[in-house]
Amino acid sequence: MIKQILGKLPRKPSKSSHNDSNHEYLNSSSAPNSINSSKPTLASSKSLNLGTRLNNGTPAPANKSNQGKKSAVPTVNQMGSVLNSSAYEALPSFRDVPSSEKPNLFIRKLNMCCVVFDFNDPSKNLREKDIKRQTLLELVDYISSLTSKFNEVAMQEITKMVAINLFRTFPSSNDKGLEMFDPEEDEPMMEPAWPHLQIVYEILLRFVASSETDAKLAKRYIDHSFVLRLLDSFDSEDQREREYLKTILHRIYGKFMVHRPFIRKAINNIFYRFIFETEKHNGIAELLEILGSIINGFALPLKEEHKLFLVRALIPLHKPKCVSMYHQQLSYCITQFVEKDFKLADTVIRGLLKYWPLTNSSKEVMFLGELEEVLEATQAAEFQRCMVPIFRQISRCLNSSHFQVAERALFLWNNDHIRNLINLNRKVILPIIFPALERNTRGHWNQAVQSLTMNVRRIFSDSDQALFDECLARFQEVEAKERETQEKRESIWKRLEDVAASKAVSNEAVLVSRFASSVAIASGTNPRATANG
């Protein structure tokens, strides 16, 4: 009965109707990103010429139950026959068609741009590449000048074209050994297809930012799968691409409020994999830059979810060796949290101390700079909770043989807020750092460090001379005890050497028990006499 009713309906022939069911938007986050074998496309994608179909009426929106299927993408290899027959021709300009035909032409141009060319061979398909580039530029102008809302067909085709062109695989971090790869030394790879990719990114940016894009409709096509693959693209080595991605993702976060928790969680997962598995990702700095803006907009009081993000993701980001590549952005995010909620200062500072570098001096200088920024936003009560472990670490930095580490630690006293906090708690802090200050004054090899140390000693002596004298007397007393202990130790070893030398002629073994030697060291007696007694 239904077939009989449908058979009576008028129907025009359409060349593209055969392919309507073959192109569905790939909605699975676990799908491969390869553009050579298959591409994620949007629902109801058509062949290159959609004029006939659009004249027959507007298609229905994609059914979510159909999402998740794969479709073959029109690449140069798959469309060789089309190109060889010179079918890849430029379509008319928007200026050359009446206004009523522009929406149809827009869809045709979008589908024309779904052909992906191989840029690894610069001499291949030059004419077709130029046609596509000019077509993409026309699409940018059309989207920028549009004065009516995008319909669902346009949204489907825009996001389909963007997905086909942009979403691709990147070389695995396993391809370059982690020991061999040095982000600071190695030259980043420049994307050969950038002449096309740049314009596609511009189309996506203008589409997302356009006031004619209805977020309630567009979220069906800029969905979780689309966002995940956009985030995957942050691993591109091309800085230009990551800059575009940063701007676009920030716009998506601002426009599509429904996606905000998902975006934050997805970025979390990227960080976790980077910290605990690969330690290789090209886009950490850009993702942190986006997060800095997001954190700045967090409402108070902070949600528990945001505090967990700080503890589980941001603070452990200090662990990887390549932290210098993104430390500036990370430090900004951390400081934003402390400025939002000063009670987090203790958590942040203890986290910094947990990941404090032991042998990397340049990393240590960065940590001291970040510590200063955090302390500048720290209140007195929070400072008192963590000042002992802080200044134990600073004491070690003061005595560093690397002059930049010692110098950076001494620069903390140039900050008025930190100097006031130290002065208020000098009775606890000075006894901790006084030995380091005194050793620097007496014997640090760098003249600038010695001079800065003298200035810090003068600050303490001017603020509390009695405390300073007490610390000096205690230091001298400890120093005297250490000298006495060292002299006893040397005396014991001298006697042991003498006994061994006297027995060397007869080859008689000299046995000194562990207990006897420890008693001798404590009492200063002859270990052989102790053993025999």
Side-chain angles (χ1 to χ4, degrees), residues 227-228 231 234 246 249-250 252-254 257 259-279 281 283-357 363-364 366-390 393-394 417-418 421:
V227 169
L228 276 178
L231 285 166
F234 273 87
K246 179 180 69 177
L249 184 63
H250 192 265
I252 289 174
Y253 188 89
M257 295 182 66
H259 290 337
R260 289 183 180 182
F262 178 81
I263 291 173
R264 293 196 300 268
K265 184 177 180 181
I267 293 176
N268 258 9
N269 293 335
I270 291 174
F271 287 165
Y272 292 152
R273 187 166 185 269
F274 170 70
I275 296 164
F276 301 110
E277 295 181 19
T278 66
E279 287 199 12
H281 195 284
I284 300 298
E286 286 78 13
L287 290 171
L288 285 169
E289 199 168 334
I290 296 169
L291 283 170
S293 178
I294 292 173
I295 294 166
N296 191 37
F298 281 166
L300 295 176
L302 290 174
K303 295 179 181 177
E304 194 63 27
E305 167 203 347
H306 303 328
K307 295 178 183 178
L308 287 175
F309 169 67
L310 168 67
V311 173
R312 294 179 179 176
L314 288 186
I315 292 178
L317 275 172
H318 292 87
K319 176 186 174 184
K321 295 177 182 177
C322 58
V323 64
S324 60
M325 302 298 293
Y326 55 82
H327 183 262
Q328 182 180 351
Q329 293 84 354
L330 175 61
S331 180
Y332 177 77
C333 290
I334 295 283
T335 308
Q336 286 287 308
F337 267 105
V338 179
E339 289 178 354
K340 288 276 182 183
D341 185 354
F342 65 88
K343 292 182 180 179
L344 292 172
D346 179 58
T347 302
V348 167
I349 291 170
R350 291 182 186 275
L352 269 178
L353 296 176
K354 177 181 178 181
Y355 295 106
W356 200 277
K363 192 173 175 182
E364 205 165 1
M366 288 190 299
F367 273 50
L368 285 165
E370 183 177 353
L371 179 63
E372 180 177 356
E373 291 182 9
V374 173
L375 288 175
E376 200 167 3
T378 303
Q379 304 297 319
E382 298 302 315
F383 178 78
Q384 289 173 355
R385 292 176 61 186
C386 55
M387 61 185 176
V388 172
I390 289 175
Q393 182 59 57
I394 289 175
H417 179 69
I418 296 174
L421 289 173

In Å, rounded to the nearest 0.5 Å, how long is the span from [atom1] of [X] to [atom2] of [Y]?
X: Leu228; Y: Lys265; atom1: CG; atom2: NZ; answer: 10.5 Å
X: Leu330; Y: Leu314; atom1: CG; atom2: CG; answer: 6.5 Å
X: Phe383; Y: Ile418; atom1: CZ; atom2: CD1; answer: 8.0 Å
X: Ile267; Y: Leu249; atom1: CD1; atom2: CG; answer: 5.5 Å
X: Glu286; Y: Gln329; atom1: CD; atom2: CD; answer: 7.5 Å
X: Trp356; Y: Glu364; atom1: CH2; atom2: CD; answer: 6.5 Å

* To do: Assess whether side-chain contact (heavy atoms from CB on, under 4.5 Å) is satisfied between Ile390 and Leu375, documenting all intermediate values.
  => CA-CA 10 Å; Ile390 289 175; Leu375 288 175; 3.9 Å; yes
* To do: Sequence neighbours left out, what passes side-chain contact (heavy atoms from CB on, under 4.5 Å) with Glu373? Give chain and number order.
  => Ser331, Thr335
* Any residue meeting side-chain contact (heavy atoms from CB on, under 4.5 Å) with Pro320, in chain and number order, not counting sequence neighbours -> Phe274, Glu279, Cys322, Tyr326
Side chain to side chain donor-acceptor pair (under 3.5 Å) partners of [X], counting only residues at least two apart:
X: Glu372; answer: Arg408, Asn415
X: Gln384; answer: Asn425
X: His318; answer: Glu370

* Asked: So which heavy atom on Leu231 is nearest to which on Ala266, and how close?
  -> CD1-CB, 3.4 Å
* For Phe342 against Ala377, the heavy-atom pair lying closest together -> CB-O, 4.3 Å
* Asked: Would you say the side-chain atoms of His417 pair up with the backbone N or O of Thr378, donor to acceptor, closer than 3.5 Å?
  -> yes
Could you list the donor-acceptor pairs under 3.5 angstrom formed between side-chain atoms of residues 347-354 and any protein atom two or more places apart in sequence or on another chain?
residue, atom, partner, partner atom, Å
Arg350, NE, Asp346, OD1, 2.9
Arg350, NE, Asp346, OD2, 3.4
Arg350, NH2, Arg385, O, 2.7

* Set of residues satisfying ring pair (Phe, Tyr, Trp, His ring centres under 6.0 Å) with respect to Tyr272, sequence neighbours excluded -> none
* Asked: Is the closest side-chain heavy-atom distance between Val323 and Leu317 below 4.5 Å?
  -> no
* Should Ile284 and Phe234 be marked as a side-chain contact (heavy atoms from CB on, under 4.5 Å) after you check the CA-CA gap, both sets of side-chain angles, and the distance that decides it? -> CA-CA 8 Å; Ile284 300 298; Phe234 273 87; over 6 Å; no
* Asked: Sequence neighbours excluded, which residues qualify as salt bridge (Lys or Arg N to Asp or Glu O under 4.0 Å) partners of Lys246?
  -> Glu243, Glu289
Distance-only check: which donor-acceptor pairs under 3.5 Å involve side-chain atoms of residues 290-309, not counting sequence neighbours?
residue, atom, partner, partner atom, Å
Ser293, OG, His250, NE2, 2.9
Glu305, OE2, Arg264, NE, 3.2
Glu305, OE2, Arg264, NH2, 3.2

* With no hydrogens and no angle check, do the side chains of Gln336 and Tyr332 hold a donor and an acceptor under 3.5 Å apart? -> yes
